[in-house]
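Read the structure below first, then the notes.
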Number of protein chains: 2
Amino acid sequence: MSLRYGILGLLSEWDASGYDIKKEFDDLMGVFWHSHLSQIYPELNKLEKEKFITSQSIPQEGKPDKKIYSITSKGKEVLIHWLLTPPEPPKIKDPFLMQAFFMDHIPADEVILKLKMYKKGREQRLEKIKHAVEERFMSIKERNVMKARIIISAAVLKRGIQQEVQYINWCEETIQLVESCKFLWDKNKQTEFQYTDVSDQLSAYFFNALDI
Amino acid sequence: MSLRYGILGLLSEWDASGYDIKKEFDDLMGVFWHSHLSQIYPELNKLEKEKFITSQSIPQEGKPDKKIYSITSKGKEVLIHWLLTPPEPPKIKDPFLMQAFFMDHIPADEVILKLKMYKKGREQRLEKIKHAVEERFMSIKERNVMKARIIISAAVLKRGIQQEVQYINWCEETIQLVESCKFLWDKNKQTEFQYTDVSDQLSAYFFNALDI
DNA sequence: GCTCCCATGTAATACGTTACATGATTGC
DNA sequence: GCAATCATGTAACGTATTACATGGGAGC
């Protein structure tokens, strides 16, 4: 139920087409939401029927008309109303962590490989976000203006970057942990290890993170 | 498509009923997945039809029969196959960050209030997770055994705790940022502020997080 | 020649959530 | 008395993803 408000929020800043909106979702807004064109187009039609947005068609050569949407005052009202209501609780779904949780079933080297590959993916994502954020702030610095909009969006983008950085750090730490505990995966002597056999590695790993 | 593997993974550790599985999802596995009973029960039936799990009904008084599921060797095979395939990319949806991104539309005091309320929710969640993790590790320490299973699940749970801690920190920092930049939300003199008017606050906020 | 970008959308399917249905037991 | 826990499930609805449909222009 939040997609529509993401669209309204975006249109509260600038007029845009469905295609433009999708690019924003892939780009900066990607740190907190994602969506497909086949979901955005129907949602835009609904929002227009409900009079929260209006559109004007701009004819183009060789392409379908470009439909530029603008937010209405009614649309701004519902946006602000939504901003003041408590957010839906986050619905955590992290397929990689789910796999990781059960990786005692695959060899330690495979575990390390998977962690390294996943880390790489996260690093690429981080670079992409950093690049987008830098571009945004360059143009803001040039225009030499400052608004609440800029501060609050910067805060959200910082959170996105932080998340990536910390996921990458976790991958690194966990690679080291698994490397130092490889023997536990060894099928031949898997039977009886004691807690104290790895308590040093465990406490190093958890140091400064938990207090168990 | 990952729910089924979460169920299989869980059943690779111990036999369980749908109700038990739901509790695990709410509890420890909650750091990376969540699901409803009305989704778990049909999935269990599907998995049984596909011969990945088997069940035995245990009659009870005053309650419906308890159906205890066990994983089959075929089920273990598909679990391991899944563990070796690349995970689906995470589908980020964070309704609170989406709201935050557009909070220049509501008064600064409301923004601070929302951040404080959200922070509180995260703190409660953190306490719940910490509690569950501590319980788990107590019983492991008592039994004085160590397996790959324990190490790898600990790593995932650490990630869950980290995430909460860092979200809470971000809330705090952002509350301070908004407090020190309140004047930007002031509707009367919203017109013309310069980048340099807040560059100190911004660089303090971004210090050690970004290098822009 | 092939892929990517632009630009719109529909249809079919898959996945997820809320509401409905039943009912005994335990604790506040 | 009321809510929570145990225990199973179905039905209706909502959201999200993939596949299908069209087609010109740019760059390799």
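Chain A is the first sequence line, chain B the second, and so forth, proteins listed ahead of strands; every chain is numbered from 1.
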Requested in this report: Would you list the pairs meeting ring-ring contact (aromatic ring centres under 6.0 Å, His included) in which at least one residue belongs to residues 40-85 of chain B, sequence neighbours left out?
Outcome: B/Tyr5-B/Trp82
**Report entry** Residues in contact with DNA chain C, drawn from residues 16-31 of chain B - heavy-atom cutoff 4.0 Å
**Finding:** none
**Report entry** Polar side-chain atom of A/Asp15 near backbone of A/Ile68 as donor-acceptor pair, under 3.5 Å
**Finding:** no
Query raised in the report: By side chain to side chain donor-acceptor pair (under 3.5 Å), which residues pair with B/Arg125, not counting sequence neighbours?
Result: B/Glu164
Contact list (N/O, under 3.5 angstrom) for nucleotides 12-14 of chain D vs protein:
none

Query raised in the report: DNA chain D: B/Gln60 or B/Lys93, which has the more 5' nearest nucleotide?
Result: B/Gln60
**Report entry** CD (B/Glu48) with more than 12 external heavy atoms under 6.0 Å
**Finding:** yes
Query raised in the report: Does the A/Asp20 side chain pair with the main chain of A/Ser17, one donor and one acceptor, at a distance under 3.5 Å?
Result: yes
Query raised in the report: What residues in residues 78-92 of chain A put a non-hydrogen atom under 4.0 Å from any atom of DNA chain D?
Result: none
Report task. Taking B/Trp170 for its side chain and A/Ala155 for its backbone only, find out whether a donor-acceptor pair lies under 3.5 Å. Result -> yes
Report summary line: Those residues at least two apart in sequence (or on a different chain) that pass ring-ring contact (aromatic ring centres under 6.0 Å, His included) with B/Phe32 are A/Phe101
Report task. May I ask you to decide if B/Asp109's main-chain N or O and B/Glu179's side chain share a donor-acceptor pair within less than 3.5 Å? Result -> no
Query raised in the report: Would you say the side-chain atoms of B/Asn144 pair up with the backbone N or O of A/Tyr195, donor to acceptor, closer than 3.5 Å?
Result: yes
Query - ring-ring contact (aromatic ring centres under 6.0 Å, His included) pairs, two or more places apart, involving residues 110-132 of chain B - result: B/Phe96-B/Tyr118, B/Tyr118-B/Tyr167
Requested in this report: Could you list by number each residue of residues 2-13 of chain A showing a heavy-atom separation from DNA chain C of less than 4.0 Å, or answer none if no residue does?
Outcome: none
Query - Within residues 70-90 of chain B or reaching into it, pairs that qualify as salt bridge (charged side-chain N to carboxylate O under 4.0 Å, His left out) - sequence neighbours excluded - result: B/Glu88-B/Lys91
Query raised in the report: Does anything in residues 33-52 of chain A reach DNA chain D, meaning a heavy atom under 4.0 Å, and if so which residues?
Result: A/His34, A/His36, A/Ser38, A/Gln39
**Report entry** Quiz item: cation-pi between B/Lys158 and A/Tyr205, 6.0 Å / 45°
**Finding:** yes
Query - B/Thr72, B/Ile80, B/Ile71 screened by side-chain contact (heavy atoms from CB on, under 4.5 Å) with B/Leu8, the one that passes - result: B/Ile71
Query raised in the report: CD1 of B/Ile7 to CE of B/Met29: how many Å apart, nearest 0.5 Å?
Result: 8.5 Å
Query raised in the report: Can you list every salt bridge (charged side-chain N to carboxylate O under 4.0 Å, His left out) pair that touches residues 112-121 of chain B, not counting sequence neighbours?
Result: B/Lys119-B/Glu123, B/Lys119-B/Glu172
Query raised in the report: Just checking, is any N or O donor in the side chain of A/Thr174 or B/Arg159 under 3.5 Å from an acceptor N or O on the other one?
Result: no
Report summary line: Footprint ends on DNA chain C, 5' to 3', for atoms under 4.0 angstrom from a heavy atom of chain B, come out as C/dC15 to C/dA24
Query raised in the report: Does B/Ser35 offer a backbone N or O that forms a donor-acceptor pair with the side chain of B/Lys22 under 3.5 Å?
Result: yes
